[in-house]
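Have a look at the structure below, then the notes.
Whatever order the structure lists ligands and atoms in, that order sets their numbers, starting from 1.
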Amino acid sequence: MSQVVTRIAPSPTGYMHIGTARTALFNWLYARGRGGKFLMRIEDTDRERSTPEATDAILRGMDWLGLDFDGEAVSQFSRVDRHREVALEMLANGTAYKCFATQEEIAAFRDAARAEKRSTLYQSPWRDAPASEHPNAPYVVRLKAPRDGETVIQDEVQGDVRWKNSELDDMICLRSDGTPTYMLAVVVDDHDMGVTHVIRGDDHLANAARQSHVYHAMDWPLPIYAHIPLIHGPDGKKLSKRHGATGVEEYQSMGYLAAGMRNYLARLGWSHGDDEFFTDAQAKEWFDTDGIGKSPSRLDFKKLDNICGQHFAAADDAALLQEMTAYRAAIGEAPYSDATNQRFLEAMYCLKDRAKKFGDIIDKAVFITADTPIVPDEKSAKNLNDVSRGILKELTPQLQNATWERETLEAVVAGVAEAHEIGLGKIAAPLRAALAGRTATPSVFDMMLVLGRDETIARLEQVSR
Ligand code: GLU
């Protein structure tokens, strides 16, 4: 078989819908797993909506998700001449015709059809009119669709889907002002871009039937179609703003990890046995259209959290720091200093533990980011009283002389706890207050190791003075 070529063809609407992201992901996985190409086409023929900003939002979404495409993004609008050329070719080969019907004539046809309880699908009297009868008047170019029999789309997900040709009209390919229609443009672009597989939302399934007529009219091979069910909200209803986040960038702003998002979106409507957590390499190897389900999938934030959490745990620390920096920029936070970043890097192994979102990491990192002297919050301050301060005071000189290693630090703290006949928790609580001023922190030993001896002792002295 020739090389696989897939594409994502978003219409710029101002943001990137989560469904578009998933469609892009499926196409990316399909192509990348087969040594194929994955292309990007911006369907920007609606000139009012198609602003550069709207296109940028899509490109940013793709970039965040790490879905790289081959070559440059193709602008559909820039190809209108080619679309027109194909319409003219169809006219020349007799698979399309000039229709001179006016709006009034079409409306009259429909009224009569309704009155006679016939199909209101327009049947142009110009379909078979010889050129000698053509008036010198505006016309549209209509495709000569088959009238008898059926159109069958062999869909990789939906199976064979059939339409009676009597229910499909002669669609317009060129409007009377000479502009091509979207239905024509999609086919011409997919053909010219060499697209072999069209994987897209099943809201385009009916379009496939009519688009197939253009392929036949031009004697072009049909692509393989896979129409995927849409994403629904947690309540099973069609996803809408009411459900919360529908745009990809909102997920970035919520602090999800792109790798986790890819994994989660891949599982949204596709499965490979019982595998829930997987890497990109596995997804590329496993992804196929036969694993795509037939019913709509539901957004499930719990599952998203869970999968992202596993990706946090598995991620490389330096890569996490880099993505965290991008996340902070995306939510408009100033970057951390180099020194703070260095500490984040050293602490990442414990910060990422149980994190689901970047916010969890940052919350846990107050011992790194807080200004000194540390001001304990209300909850944490409760753990500092005369008794616990006394214990910290006793601990300080011992730490001064200890080798700065986990085992030694643990032994020193355990020794002091034992001497006072208290549990380790009783000493950890004031230590947390001193080192972080918070109760939810990494372990006290992790904090001590990251802060180092001088900073640890300085913080202990500040509270036990
Ligand atoms: N532009 C269409 C959309 O954003 C997709 C068209 C297609 O994939 O064929 O829904």
- Item | Check: W270 ring centroid to F287 ring centroid under 6.0 Å | yes
- Message: Centroid separation under 6.0 Å, is that true for the rings of F100 and W126?
- Response: yes
Whether [X] and [Y] hold their rings parallel, tilted or perpendicular, with breakpoints at 30° and 60°:
{"X": "F278", "Y": "W286", "value": "perpendicular"}
{"X": "Y251", "Y": "Y256", "value": "tilted"}
{"X": "Y327", "Y": "F358", "value": "parallel"}

Show the atoms of ligand 1 that are less than 4.0 angstrom away from any heavy atom in [X].
{"X": "E43", "answer": "1 (N), 2 (C), 5 (C), 6 (C)"}
{"X": "P10", "answer": "4 (O)"}
{"X": "R200", "answer": "7 (C), 8 (O), 9 (O)"}

- Item | Audit row: R41, D190, salt bridge (charged side-chain N to carboxylate O under 4.0 Å, His left out) steps and yes/no | CA-CA 9 Å; R41 178 173 73 240; D190 280 340; 2.8 Å; yes
- Query: Relative to ligand 1, is S11 under 4.0 angstrom through side chain, backbone, both or neither, heavy atoms considered?
  - Reply: both
- Side chain, backbone, both or neither: which part of Y225 has a heavy atom under 4.0 Å from ligand 1? neither
Heavy-atom nearest neighbour in the protein, as seen from [atom], with distance rounded to 0.1 Å:
{"atom": "atom 8 (O) of ligand 1", "result": "R7 NH1, 2.6 Å"}
{"atom": "atom 6 (C) of ligand 1", "result": "Y182 OH, 2.9 Å"}
{"atom": "atom 5 (C) of ligand 1", "result": "A9 O, 3.3 Å"}
{"atom": "atom 10 (O) of ligand 1", "result": "H204 NE2, 2.9 Å"}

- Message: Do D202 and I228 make a side-chain contact, defined as non-hydrogen atoms from C-beta onward lying under 4.5 Å apart?
- Response: no
